[in-house]
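Okay, so here's the structure we're looking at.
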Amino acid sequence: ELLVQFHAKLIEMGTPEDELAILKDAISQMDQVFMICIVGEFNAGKSSFINALLGDRWAAEGVLPTTAKVCVMKYGETVSRREMVDSFGQSHEDVQELKLPVPWLQDLSVVDTPGTNAIVAAHEQVTKRIVPRADMILFVTSADRPFSESERAFLVLIKSWGKKVVFVLNKVDILPDQLAVDEVVEFVASNGEALLGTKPDVFPVSAKLALRAKLAAPSIQGGGGEGGIAAAGLASFYVERRAPELGAGSSLWDQSGFAALESSLRGGLTSESKVSAKLLSPLGVAERLASDAAGRVKQRAATLEGDLATVRLVDANLAAFKKDMERDVARERLQIERALGLASSRADQFIDTELSLGNAPKALMARIQSQTNSAGGHEKKLVESGLQLAFKEQVLGGLDTAVAESVQEMSALVEERSRNQARAVLDFLGHRPSSHTS
């Protein structure tokens, strides 16, 4: 329930769909049997190893990448194949469920995966999605090419999910002697420890010899014969084959080195250990996804902090711009006020000169005469016209030009500074790192 709530919270946080699918798969796996996932390069002999483990040729083998889909092998009284359906009721085209009448599968499932270095990119993506669901990883590497670069990269991915990893060094029969086997085992163990932080178990085996040994051994139940699915199709019978410690196939079995691996798997997978691993597996996935989500939150917080700093800088820049504009407007207003003050002084002087008491009788007589004279209207206009001209020349002379020039100069200054300010802000924003990345 807590994991389901965590899944819902990740959805609210905008977690990528592929990560949500991984957690969903891990939750789905909790009510399933213990899952052992077989991973490795396509030419490391994974299919041969699975066949040796199960005692028959259930998985197709070849020199080319043959496993195009993830195949989950489970126990069933009859052999059947279908698309995998999770506990959420959703089927998956890229995951097949193969039921086999193999008693060893009654308490666990074995997963065959595409090679980590498969040519088809979708193979690797499928494998990367199924690994987080696994309760244990059996990492198959080849004795002729141990610990390749693609294997190293994939192990880093596995480590991030907190999975238990057991190394299977396959094809040891191609090595010249036991000393060479020991050297390669130590090479794999030391490199595994460097990557995983703890020294892993490494089992040197020859899956080819182990399978030949089991096929040569007497069957426990009748019917069927060799060949598994390849020979019998989806058969309803199974011939159980066990490790041939004596008799036919026993020599091949001893050479294969498979006994130590099977003993470790059967002895180590107790009910208690499987329950513990089953509970820890989805918690490891949740921890990884929580760490990724925390990283994204931290990144977003840093982005928002950068945006806030940008806003502060732009705000400070605009405040300085406003201050400069207010200063320039005040200066221009002072120029206009000075011009108006000079005009006011000239007006006072004009009044004192032209409209003083000494000149009043003359002005009054001219006005009376203009009203009684037949041409009075014309004389009145002449008097007013003369005063107006004198007022414009002596008082208003140059005032309108000075005010107009100040206003025009201020308008041009405001326009230029506003344009420069807008350009500077846009240029600043354009050089910021891309924000709000996922």
Side-chain angles (χ1 to χ4, degrees), residues 34-54 59 104 108 110-113 115-117 127 131 134-211 213-214 243 252-270 273-274 276-277 280-281 284:
F34 192 85
M35 178 184 284
I36 298 178
C37 190
I38 316 297
V39 299
E41 292 191 342
F42 74 84
N43 56 355
K46 294 194 316 302
S47 297
S48 298
F49 172 75
I50 292 174
N51 289 335
L53 199 62
L54 301 182
W104 194 56
L108 53 82
V110 174
V111 183
D112 189 13
T113 63
T116 59
N117 62 335
T127 303
V131 164
D135 302 304
M136 175 185 288
I137 304 295
L138 291 184
F139 200 99
V140 182
T141 186
S142 178
D144 61 346
R145 196 167 176 263
F147 239 86
S148 66
E149 286 304 314
S150 71
E151 289 177 333
R152 290 175 188 271
F154 200 71
L155 278 170
V156 172
L157 176 66
I158 292 176
K159 178 186 177 182
S160 68
W161 297 113
K163 302 296 179 181
K164 175 177 173 59
V165 180
V166 174
F167 284 88
V168 177
L169 178 61
N170 195 17
K171 303 182 182 180
V172 295
D173 53 300
I174 67 174
L175 298 177
D177 50 40
Q178 187 60 41
L179 180 60
V181 172
D182 293 340
E183 288 179 354
V184 178
V185 168
E186 178 56 31
F187 174 78
V188 172
S190 59
N191 279 273
E193 182 178 15
L195 279 177
L196 302 176
T198 58
K199 195 162 187 175
D201 294 328
V202 181
F203 293 94
V205 302
S206 170
K208 179 178 68 174
L209 296 181
L211 179 59
K214 286 189 176 183
L252 292 173
W253 180 252
D254 291 339
Q255 296 175 49
S256 73
F258 227 77
L261 172 63
E262 286 197 348
S263 176
S264 177
L265 290 177
R266 297 180 188 275
L269 295 180
T270 62
S273 65
K274 286 191 289 188
S276 176
L280 290 175
S281 180

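Note that the structure is predicted; figures quoted are calculated from it, not measured.
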- Query: Side-chain contact, heavy-atom cut-off 4.5 Å: L252 with F258?
  - Reply: no
Query raised in the report: Quick check: does any side chain N or O of E151 sit under 3.5 Å from a backbone N or O of S148, one acting as donor and the other as acceptor?
Result: yes
Under 6.0 Å between ring centres: does that hold for F49 and F203?
no
Worksheet entry | Flag side-chain contact, heavy atom, 4.5 Å: L169 against V140 | no
- Message: Less than 4.5 Å apart, side chain to side chain, heavy atoms only: is that true for F167 and V185?
- Response: no
Nearest heavy-atom contact between M136 and V166 is SD-CG2, 4.4 Å
Practice problem: Over 60° means perpendicular and under 30° means parallel, so classify the ring planes of F154 and F139, tilted if in between. | Solution: tilted
* To do: Report yes or no: do E193 and T198 form a side-chain donor-acceptor pair below 3.5 Å?
  => no
query = Are side-chain heavy atoms of I158 and V165 found at a separation under 4.5 Å?
reply = yes
When you measure from the side chain of D173 to the backbone of S206, do you find a donor-acceptor pair of N or O atoms at a distance under 3.5 Å? no
Return yes if a side-chain donor-acceptor contact under 3.5 Å exists between R152 and N191, otherwise no. yes
Heavy atoms of G257 and V205 approach each other most closely as O-CG1, 3.6 Å
So CG of D144 and CD1 of I174: to nearest 0.5 Å the spacing works out to 4.0 Å
Distance col, row I137:CD1 vs K159:NZ, nearest 0.5 angstrom, shows 15.5 Å
Note to self: Determine whether a donor-acceptor pair (N or O, by modelled atom type, separation under 3.5 Å) exists between the side chain of T113 and the backbone of I38.
What the structure shows: yes
Between the CG atom in L53 and the CG atom in D112, the distance rounded to the nearest 0.5 Å is 11.5 Å
Shortest non-hydrogen pair, A210 vs S256, comes out as N-CB, 3.5 Å
Does a donor on one side chain sit under 3.5 Å from an acceptor on the other, for T141 and E41? no
Minimal heavy-atom distance between N51 and L211, with the atoms involved, is O-CD1, 3.5 Å
Nearest heavy-atom contact between N170 and A44 is ND2-O, 3.2 Å
| said: Under a 3.5 Å distance rule, please check whether S190 uses its side chain to pair with a backbone N or O of F187 as donor and acceptor. | reply: yes
Smallest heavy-atom separation, G192 atom then P200 atom, equals C-CD, 4.0 Å
Worksheet entry | I36 vs D135 side-chain heavy atoms within contact, under 4.5 Å | no
Taken to the nearest 0.5 Å, the spacing of K171 NZ from S142 OG works out to 4.0 Å
